[in-house]
Amino acid sequence: MKKLVVISLGYNTGQTIYHQLCNLFSSILDIEYYFLSSPPPHNFEADLIVYSSNAAYQKMHKLADNHPYIIARRSINYHEINKLFKLPRYTEALLVNDTKESAEETILLLQTLGIDHINLSPYYPEIKNYPKLTIAITPGEIEHVPPCVNKIIDIKTRLVDITSLIEILTYFNMLEKFAHILSAKYIQDIIKLIKTGNKLLTDSSRMKERFKTVINNVHDGLIAINKENKVSVFNPIAEKLFNKKALNVIGQPIEEILDNKLLETVNNPRKEGILKLPSYEILISEMPLYAKNADRGRLYVLKDVSEIHRLEESVRRRLYEEQNIARYNFADIIGNSPALKKILSLAKKMAKTDATIFIQGESGTGKELLAQSIHNASSRRKGPFVAINFAALSETLLESELFGYEEGAFTGAKRGGSAGLFEIAHKGTLFLDEIGDAPLPFQVKLLRVLQEKQVRRVGGLKVIPIDVRIIVATNHNLKEDIKLKLFREDLYYRLNVLPLKIPALRERREDIMPLCYAFYKKYRPLSNDAKIYFKNIQPYLEAYNWQGNIRELQNVIEYLTSICPDDIPQSSDLPEDIKVQLFTDKSNTINLKEAIFLEIKRCNQNHEPVGRRSLANKFMLSENKIRDILLSLKIENKIMISPGKYGLKAIDLK
Ligand SMILES: Nc1ncnc2c1ncn2[C@@H]1O[C@H](COP(=O)(O)OP(=O)(O)OP(=O)(O)O)[C@@H](O)[C@H]1O
């Protein structure tokens with residue numbers, strides 16, 4: 001068999017070409033390969049030498065003089081080329097090869113093959129100045145890739161191209177016999193490449209199709225312009241707004257559609273402006289288009305202003321609808337204090353009736369929670385629960401919000417009018433929060449609606465009957481407000497049918513720790529050790545005044561679980577407000593006394609020793625101060641004092 005020897009500079013190249021040639025010609029030729037670090041032996045035999053490149057010939061031909069040779073022309077490895085199609089357009093990359101010539105040649109080759117969506121800069125070991133790019137493309141020369149690169153695309157060693165393969169066969173006089181095998185193999189490769197290309201093409205045209213569908217179905221007008229200020233996208237809404245066909249506009253300068261004066265409208269820092277067209281008023285916003293940090297033009301988004309008004313209204317409605325659901329039930333109300341239990345038992349009975357409920361309690365005591373629970377326990381539970389806060393609404397808005405309005409009732413009134421909250425709450429519950437803040441003139445109107453059980457929209461004549469259960473809440477002392485002529489007495493009696501007074505948290509201190517544990521669970525759902533978490537601060541939490549009630553307590557637990565997520569908090573970790581009140585406010589001795597009493601009781605229940613010193617440490621007070629407090633507790637007959645570690649005993653009067 002005739003012998004063919006492949007000679008290359010690097011091992012990778014030699015091996016790849018050797019395999020390629022074996023794959024084609026192993027049945028007719030005996031093939032060997034050598035490379036720079038493993039050169040052919042002296043006097044080696046070869047019928048034909050194939051040098052992998054000009055550089056390989058230059059460096060190694062002296063070792064193989066007198067042998068016939070060809071220098072292979074090489075082509076890209078088609079199997080690997082699809083890696084390049086996946087790179088986005090305008091990608092900047094280094095083309096790394098072992099010599100200047102081979103790097104430049106590969107770039108040219110890629111360009112000839114149609115790989116023109118990537119900007120390639122040659123890189124080879126001796127090069128001094130080159131752009132420090134992060135992507136490198138290399139035909140198998142990974143070891144030459146410079147350190148600035150963090151992504152290497154190896155398109156594998158280039159193969160011997162078809163013309164050189166024909167040359168080899170011609171040299172051995174075997175072309176006629178083997179041309180069909182060669183062309184079949186070659187065509188196979190080409191078909192694979194075409195398939196890859198086709199898939200990429202279909203993918204990209206599918207993407208284009210999808211993109212087009214999106215653009216055409218957006219409810220806004222879209223105009224995109226390229227870097228040359230020419231229109232590249234003009235969707236159907238833009239066609240409608242400007243009364244122009246995309247066909248006539250695409251490719252035209254933007255000034256033909258939006259003249260300079262109009263374009264100036266958006267030339268402000270917010271990049272937004274109002275355009276007045278013959279039949280529409282349009283909000284136009286401009287945004288730059290970037291692709292891979294390169295400026296790709298601009299996009300104008302055009303919204304019909306009357307459409308914005310419609311959307312705003314629908315969002316407001318949706319928000320109302322979402323709010324119009326009562327989320328809480330009686331089971332969500334935490335606390336075992338007798339005071340709370342009494343309220344809950346009363347409220348459950350009231351829930352069964354349809355009469356107006358009047359909840360009084362300080363801010364944060366859970367009035368809305370209770371109102372929602374009542375609604376959910378009532379026969380109206382399937383109807384809406386609508387809450388309105390009088391403290392949050394201006395006098396002018398109140399009437400239209402509650403009673404609704406007819407079209408044209410005032411400037412800005414929307415077409416078709418709008419239902420008020422009384423109408424929205426039909427068959428459900430209307431929760432009037434902070435009723436004490438309702439302005440006097442409005443109180444008269446409210447009273448009339450409550451008495452007549454019907455509303456008339458602002459600017460309307462029609463009377464609309466309403467079937468609504470009313471729950472009102474206030475943290476004011478309304479009797480005082482009546483004296484001060486801030487609240488109407490007749491309305492007060494109309495509302496005060498079923499009164500419920502939620503006591504402040506400091507009046508039901510037994511609920512403090514269960515609430516702490518519940519909120520701790522809420523903020524640290526994966527922890528089970530709530531009791532241990534509070535062991536050092538429990539007396540302080542129980543002694544504190546909780547002016548903001550449960551809302552304040554909830555905030556404090558959120559604060560503690562944020563600053564002490566993994567450690568058990570100490571008294572020093574408590575929020576400043578609590579520390580100031582407990583440790584510096586002289587008027588707080590009463591709280592401290594109560595806290596010390598509760599701590600003694602807790603120790604007794606847990607069979608823990610408790611004495612003057614441990615109390616002094618815990619409450620950061622002197623032992624003398626503790627002694628005074630203990631004596632005072634003893635005088636009040638709340639504790640017994642005997643000698644020994646277990647000498648302090650709380651007297652349970654219950
Ligand atoms: N007993 C309770 N159990 C669990 N959470 C409670 C309890 N009481 C109140 N809360 C929670 O405390 C917060 C304040 O409650 P809510 O808003 O019902 O109080 P409010 O009395 O209506 O307050 P405001 O008068 O300021 O409107 C809410 O997050 C509520 O869920």
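All ligand and atom numbering here is 1-based and tracks the order in the structure. As the structure is a computational prediction, the values presented were derived from the model and not from experiment. One-based numbering along the sequence shown.
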Atoms of ligand 1, numbered as shown, that sit under 4.0 Å from any heavy atom of E368: 18 (O), 22 (O)

Against D467, only a single residue in K453, H426, R380 fulfils side chain to side chain donor-acceptor pair (under 3.5 Å); can you say which? R380

Which value, rounded to the nearest 0.5 Å, describes the distance between K531 atom NZ and D529 atom CG? 12.0 Å

So is G364 in contact with ligand 1, going by heavy-atom distances below 4.0 Å? yes

In terms of ring plane angle, is the pair W546 and Y544 parallel, tilted or perpendicular, where the classes change at 30° and 60°? perpendicular

Indicate yes or no: does R506 engage E594 in a salt bridge with an N to O separation below 4.0 Å. no

From atom 11 (C) of ligand 1, work out which of L505, N555, L553, I550 has a heavy atom at the shortest distance. I550

S363 neighbourhood, listing ligand 1 atoms whose heavy-atom distance to it stays under 4.0 Å: 24 (P), 25 (O), 26 (O)

Note: K445-E399 ion pair, threshold 4.0 Å (strictly below): yes

Among L344, D332, L369, which one has a heavy atom closest to atom 30 (C) of ligand 1? L369

Proximal candidate to atom 17 (O) of ligand 1 [heavy atom criterion; set E434, R551, R508]: R551

Would you check if the side chain of S632 reaches a backbone N or O of D628 as a donor-acceptor pair within less than 3.5 Å? no

Atom 15 (O) of ligand 1: which of G366, G548, A387, S337 has the nearest heavy atom? G366

Judged by modelled atom types alone, do R469 and T353 share a side-chain donor-acceptor pair under 3.5 Å? yes

Going by atom types alone, do S363 and N475 pair a side-chain donor with an acceptor below 3.5 Å? no

Within the 4.0 Å heavy-atom shell around I334, which atoms of ligand 1 are there? 1 (N), 2 (C), 3 (N), 4 (C)

Which of the atoms in ligand 1, numbered in the order shown and given with their element, are less than 4.0 Å from a heavy-atom of F519? 5 (N)

Taking the cut-offs as 6.0 angstrom to the six-membered ring centre and 45 degrees off its axis, would you call K348 and F330 a cation-pi pair? yes

Under 4.0 Å from a heavy atom of Q554: which atoms of ligand 1 are those, numbered in the order shown and with their elements? 11 (C), 12 (O), 13 (C), 29 (O)

For atom 20 (P) of ligand 1, what is the nearest protein heavy atom, given as residue, atom name and distance? K367 N, 3.4 Å

Going by distance only, is there an N or O of N475 that falls short of 3.5 Å from an N or O of ligand 1? no

List ligand 1 atoms under 4.0 Å from L515, heavy atoms only on the residue side. 2 (C), 3 (N), 4 (C)

Give the atoms of ligand 1, by number and element, whose distance to some non-hydrogen atom of D433 is under 4.0 Å. 27 (O)

